[in-house]
Amino acid sequence: NAGVTQTPKFQVLKTGQSMTLQCAQDMNHEYMSWYRQDPGMGLRLIHYSVGAGITDQGEVPNGYNVSRSTTEDFPLRLLSAAPSQTSVYFCASSYRRDRNYGYTFGSGTRLTVV
Amino acid sequence: DAKTTQPPSMDCAEGRAANLPCNHSTISGNEYVYWYRQIHSQGPQYIIHGLKNNETNEMASLIITEDRKSSTLILPHATLRDTAVYYCIVRVPSMNNAGNMLTFGGGTRLMVKP
């Protein structure tokens, strides 16, 4: 199935634990990005990548790491989870030529840190 | 990117037109207006975008005032499935690999009622 796949859909972590949120797309999109959405708020950009081997920070990068070893995958790592990282995380991708509007979003990962 | 102002919530009767306003009084000449929406618990979905001319597609129409300081997204015949948060985003289209990913604000929560 074409699209952006995020796993897991739900996760509960204890403070201090680490984990990786997975994001994969099978559309050969060059651009990929991670957003977080807190209750009642808009999306905020965490990290993004414009191609394999290239990543950069967004608006709220602290506490998160990313890597882009392949075009298809863009995992988001939480180094030491904190309650402030409780949020819904969305991954998005697009072709470079459609980078201004043609974003496809995943269905999200709902993370709770206790 | 220019700042946008949207009402936090609106109601619309099913079958009627939904008119969602957006104020972007500081917009610059090369900034486009984009609209996305987010249905509950899903990732955002692209709707439409424009520079200065009115635009229409299968989902909606976008009306931009002559001075470009405001715009209106029109859903011509709203259905219950159009209940969502609608985001107005103003930005310069990304012309290089520097990223410039989407920045989401609070949006307008549209409730379509039977």
Side-chain angles (χ1 to χ4, degrees), chain A residues 3-6 9-10 21 23 25 29-61 66 68 74 87-111, chain B residues 1-9 20 22 30-51 55-60 62 71 73 84-111:
Chain A
V4 178
T5 302
Q6 291 185 236
K9 292 188 183 303
F10 300 93
L21 279 62
C23 176
Q25 51 90 9
H29 284 173
E30 299 96 334
Y31 279 35
M32 295 188 75
S33 54
W34 277 102
Y35 292 84
R36 62 175 286 175
Q37 185 173 34
D38 300 327
M41 298 183 66
L43 283 75
R44 291 185 292 170
L45 180 64
I46 305 171
H47 285 285
Y48 63 93
S49 168
V50 300
I54 306 170
T55 64
D56 207 344
Q57 296 180 348
E59 181 185 359
V60 288
V66 292
R68 185 93 179 272
F74 191 43
S87 190
V88 181
Y89 291 84
F90 290 100
C91 178
S93 71
S94 76
Y95 286 117
R96 182 176 185 274
R97 66 171 187 266
D98 298 334
R99 58 191 176 277
N100 298 305
Y101 56 88
Y103 285 90
T104 301
F105 282 81
S107 58
T109 294
R110 284 150 185 79
L111 175 68
Chain B
D1 295 345
K3 178 178 172 59
T4 62
T5 303
Q6 299 178 253
S9 63
L20 292 92
C22 180
N30 57 351
E31 288 182 308
Y32 282 65
V33 180
Y34 300 82
W35 283 84
Y36 277 72
R37 73 179 183 183
Q38 185 176 23
I39 297 171
H40 181 63
S41 300
Q42 299 181 20
Q45 176 190 24
Y46 164 79
I47 302 173
I48 198 168
H49 75 284
L51 180 61
E55 302 288 344
T56 296
N57 63 19
E58 65 278 5
M59 290 183 67
L62 174 61
S71 61
L73 178 74
V85 178
Y86 288 78
Y87 296 99
C88 170
I89 301 168
V90 174
R91 62 189 287 268
V92 177
S94 175
M95 299 301 292
N96 55 41
N97 287 335
N100 196 16
M101 296 288 175
L102 299 172
T103 301
F104 291 83
T108 296
R109 184 173 299 277
L110 175 69
M111 179 72 70

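Lettering follows sequence order; numbering is per chain, from 1.
Of the two parts of A:R110, only the side chain, counted from C-beta on, holds a non-hydrogen atom closer than 4.5 Å to a non-hydrogen atom of chain B. Contact of A:Q6 with chain B is not made at all, since no heavy-atom distance falls under 4.5 Å.
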Any chance you could lay out the side-chain contact (heavy atoms from CB on, under 4.5 Å) test for A:Y103 and B:Y34, step after step, and finish with the verdict?
CA-CA 12 Å; A:Y103 285 90; B:Y34 300 82; over 6 Å; no
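Within a 6.0 Å sphere centred on CZ of B:R109, other residues, nucleotides and ligands contribute 12 heavy atoms or fewer.
In terms of heavy atoms, A:Q37 sits closest to B:Y87 at NE2-OH, 3.2 Å.
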